[in-house]
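Everything below concerns the one structure shown next.
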There are 2 protein chains.
Amino acid sequence: MRGRNEGMGPWWHGRFRGCGYRITAGRDAILDVLTRANKHLSAEDIYLKVHSIYPAIGLTSVYRTLEILADMGLVLKFDFGDGRARYELAEGSKSSHHHHLVCTGCNRVIDYTDFIDEEVELLKRTEKGLSDKYNFRITNHLIQFYGLCDKCAKKKGGE
Amino acid sequence: MRGRNEGMGPWWHGRFRGCGYRITAGRDAILDVLTRANKHLSAEDIYLKVHSIYPAIGLTSVYRTLEILADMGLVLKFDFGDGRARYELAEGSKSSHHHHLVCTGCNRVIDYTDFIDEEVELLKRTEKGLSDKYNFRITNHLIQFYGLCDKCAKKKGGE
DNA sequence: CTCATTATTGGAAATGGTTCCCATTATCAA
DNA sequence: TTGATAATGGGAACCATTTCCAATAATGAG
Ligand SMILES: [Mn+2]
Ligand SMILES: [Mn+2]
Ligand SMILES: [Zn+2]
Ligand SMILES: [Zn+2]
């Protein structure tokens, strides 16, 4: 009845060691926060959350760790147009592959998975075609829709 | 045999006046550069090009004008991950709607229109669905593929 | 055309997210 | 346990973009 991870650390330890990275308290805490988070956090958001658990953390280390995680493909880095990068754990236990709906009025971001199957299917074909034609090794894609959320549309429409 | 624009200024003068904006030499020069450009220019790129034609221009005005143009939908603003915004004239005389292929190795960007019809058709359906479900007024979308161009793939593969 | 109104301008300074630097510390293989 | 060295944190540097404001120029009324 024991969990099958009895005795070993969290899932990401293996990935880290595999890439030659050391396991540190700071990195553990950052992954912890990312795993727990359901929103799209900025580096400072993450720094503050980690800081309350592990006060020795430095903002610089947060940036460094996020860069490593992004390189390893464990987190995704987004630009939603508010001047700071946003991070979220890539496809994992909780989250599944999704795209974003961004309100240009209030910067609210909605994760959507509707139509994701059709989209992914078309994307696969497109990727294949583009890879062949332009000799590109495609590793990732970004799809975002921009517009006004209900509240912002009302606000603008009412004036 | 005269051009049908005899006597009136360039095409964007109407758009500007319609929005209550004044026509200035700086704005004319910026639009000129944007119309002529075929690459994805940064604000500084534009500033330098305009400066050689109209030396009185200031970088601040370039930023201001680009913001106006983006708001009016005449130019599109992109983030290709190199730390500065890139601008291109929206669907116009020369350019047609297209998406981007971004090399994460050297930051090269390729405009592609392959599959654009299928993509746009799916996007339309997706937009409709998302608008209804999330009550969003969608005005725009962004699609980018990331990967390594042939040169960068070779460089990494060879090591 | 002349003039008054006021949007626009350029330059300098401020902003703020991110990166760099480096002396100190912590990890981990041997 | 210990040595090699990866990782750290904090302050300073970086740099694209904004802010500020006095000077200027575009526009419409007369
Ligand atoms: Mn998301
Ligand atoms: Mn383009
Ligand atoms: Zn909104
Ligand atoms: Zn490349």
Side-chain angles (χ1 to χ4, degrees), chain A residues 8-10 12-31 33 40-72 75 77-87 107, chain B residues 8-10 12-31 33 40-72 75 77-87 107:
Chain A
M8 16 171 154
W12 62 78
H13 282 195
R15 300 289 302 265
F16 262 71
R17 281 196 234 276
C19 296
Y21 293 118
R22 295 180 178 176
I23 313 290
T24 71
R27 289 175 177 172
D28 267 348
I30 290 168
L31 264 300
V33 164
H40 306 92
L41 303 176
S42 69
E44 196 185 6
D45 291 338
I46 295 168
Y47 168 74
L48 291 173
K49 282 180 188 291
V50 170
H51 189 266
S52 71
I53 297 173
Y54 177 68
I57 195 74
L59 181 55
T60 307
S61 288
V62 172
Y63 277 107
R64 272 185 302 231
T65 302
L66 287 171
E67 190 184 353
I68 288 174
L69 291 170
D71 282 348
M72 296 197 311
V75 310
K77 182 179 181 180
F78 292 101
D79 168 31
F80 294 136
D82 67 342
R84 65 197 62 192
R86 301 274 166 177
Y87 301 85
N107 280 317
Chain B
M8 17 170 154
W12 62 78
H13 281 195
R15 299 289 302 265
F16 261 71
R17 281 196 233 277
C19 296
Y21 293 117
R22 295 179 179 178
I23 313 291
T24 70
R27 288 174 177 172
D28 267 347
I30 290 168
L31 265 300
V33 164
H40 306 91
L41 303 176
S42 68
E44 196 186 5
D45 291 338
I46 295 167
Y47 167 74
L48 291 172
K49 281 181 189 292
V50 170
H51 189 266
S52 71
I53 298 174
Y54 177 69
I57 195 74
L59 181 55
T60 308
S61 288
V62 173
Y63 276 108
R64 273 185 301 230
T65 302
L66 287 171
E67 190 183 353
I68 288 175
L69 291 171
D71 283 348
M72 296 197 312
V75 310
K77 182 179 181 180
F78 292 99
D79 168 31
F80 294 136
D82 66 341
R84 66 198 61 194
R86 300 275 166 177
Y87 301 85
N107 280 318

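Excluded from the calculations below are hydrogen atoms, water molecules and symmetry mates; all remaining heavy atoms, backbone and side chain alike, are included. Per chain, numbering begins at 1; letters A, B, ... match sequence-line order.
Ring-plane geometry between B:F78 and B:F80 is classed as parallel, the angle between the planes falling under 30 degrees on a 0 to 90 degree scale with a further cut at 60.
Of the two residues near DNA chain D, B:E44 and A:Y47, the one whose nearest nucleotide lies more 5' is A:Y47. Between B:R84 and B:R17, it is B:R84 whose nearest contact on DNA chain D lies nearer the 5' terminus.
Summarising the geometry, the separation between CG on A:D28 and C1' on D:dT8 is reported as 15 Å, rounded to the nearest angstrom. Rounded to a whole Å, the CD1 atom of B:I23 is 6 Å from the P atom of D:dT27. Atom CG of A:L59 is separated from atom C1' of C:dT19 by 11 Å (rounded to the nearest Å). Distance NE2 (A:H13) to P (C:dC28): 9 Å, rounded to an integer number of Å. Spacing between atom CZ of A:F16 and atom P of C:dA29 amounts to 15 Å, rounded to whole angstrom units. B:R86 has its CZ atom 9 Å from the P atom of D:dT17, to the nearest Å. In this structure, the CG atom of B:D79 is 14 Å from the C1' atom of D:dT17, given to the nearest Å. Taking atom CG of residue B:D45 and atom P of nucleotide D:dT17, one finds them 11 Å apart after rounding to whole Å.
Distances shorter than 4.0 Å separate none of the side-chain N or O atoms of A:R22 from OP1 or OP2 on C:dA26. Neither OP1 nor OP2 of C:dT19 sits under 4.0 Å from any side-chain N or O of A:Y63.
Contact annotation: side chain of A:T60 to base of D:dG10, donor-acceptor pair present below 3.5 Å. A donor and an acceptor atom sit less than 3.5 Å apart, one in the side chain of A:R64 and one in the base of D:dG9.
Residue A:T24 has its side chain nearest to D:dA7 when only C:dT18, D:dA7, C:dT8 are considered. Distances were taken from every side-chain heavy atom of A:S61 (C-beta onward) to each of D:dT8, C:dT27, C:dG10; the shortest belongs to D:dT8. Residue A:R27 has its side chain nearest to D:dA7 when only C:dG17, D:dA16, D:dA7 are considered. Closest to the side chain of B:A85, from the set D:dG9, D:dA7, D:dT17, is D:dT17.
Across every non-hydrogen atom of B:L59 and B:A43, the tightest pair is CD1-O, 4.2 Å. Minimum heavy-atom separation, A:R86 to A:S42: NH1-N, 3.9 Å. The two residues A:I57 and A:G26 make their nearest non-hydrogen contact at CD1-CA, 3.8 Å.
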*A:H40 and A:D45: side-chain hydrogen bond (donor to acceptor under 3.5 Å, both in side chains), yes or no, with the steps?*
CA-CA 9 Å; A:H40 306 92; A:D45 291 338; over 6 Å; no
